[in-house]
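Just so you know, these numbers use all the heavy atoms, side chains as well, and skip hydrogens, waters and symmetry mates.
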Amino acid sequence: MAGIFIFLALWMWACLSLFWGSTYHLQTNFHRLTVHLVPLDTDPDSFLVPPMVNMAQMQNSLPVETPHFTYIIRQAGDYPNGLEDVEREVLGQQCWAAVVINANATTAWRNALENGDSSYSPNGAIGIYFQSARFYQVVLLYIQQTVS
């Protein structure tokens, strides 16, 4: 009976060593983590899309040695079902996170300014989607802290 416990303890430590070893160079491989930037706001005079695209391109131009995510700039046409398609990509592990500039974000902002709508809230202009069930160390310590 004692032999079984010793075997299980050794097996557990072997598995945990492999698991902890997999995080050894975690930050040096950040450039391999992709975040989709999805501009669903198709207004040609959008005030959100150009700065977000510039930010993504600036992050992508950083050297590999600098910890950063790789942003993939998508087109609104790639998402005929809107947010449902974005959620499907994140849940299907096609990316680690998605930053979505929501449809009509610019129009809603302009309408609020022109009509004096005090109930307008800019919190709904951009959405961030990630799957918290993926590798917890990456999600909680890096993606949630950096993207949010």
Among side-chain atoms of Asn81 and Asp85, is any donor-acceptor pair under 3.5 angstrom? yes
Between Ser46 and Thr106, is there a side-chain donor-acceptor contact under 3.5 Å, judged purely by atom types and distance?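 A pair is found: one side chain offers a donor N or O, the other an acceptor, under 3.5 Å apart.
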Check whether Thr66 reaches the backbone of Leu62 with its side chain - one donor and one acceptor, N or O, closer than 3.5 Å. no
May I ask you to decide if Asn111's main-chain N or O and Asn115's side chain share a donor-acceptor pair within less than 3.5 Å? yes
Can you get from [X] to [Y] by hopping between Ile, Leu, Val, Met, Phe, Trp and Tyr side chains that sit under 4.5 Å apart?
X: Trp11; Y: Ile6; result: no
X: Met58; Y: Tyr71; result: no
X: Val35; Y: Ile126; result: yes

How about [X] and [Y]: do any of their side-chain heavy atoms sit closer than 4.5 Å?
X: Glu89; Y: Tyr79; value: yes
X: Gln57; Y: Val53; value: yes
X: His36; Y: Val86; value: no
X: Tyr129; Y: Leu83; value: yes
X: Val100; Y: Ile128; value: no

Run Trp96 and Phe69 through side-chain contact (heavy atoms from CB on, under 4.5 Å) and show every step you take. CA-CA 9 Å; Trp96 276 83; Phe69 301 118; over 6 Å; no
If you measure from OG1 on Thr107 to CG on Asp45, what distance do you get to the nearest 0.5 Å? 10.0 Å
Hey, could you give me the CD1/CG distance between Ile73 and Asn60, rounded to the nearest 0.5 Å? 6.5 Å
Just do the side-chain contact (heavy atoms from CB on, under 4.5 Å) check on Met52 and Leu37 with the steps written out, would you? CA-CA 8 Å; Met52 292 297 290; Leu37 175 61; 4.2 Å; yes
Checking side-chain contact (heavy atoms from CB on, under 4.5 Å) for the pair Cys95/Val90: CA distance, chi angles, key distance, verdict? CA-CA 6 Å; Cys95 60; Val90 173; 3.9 Å; yes
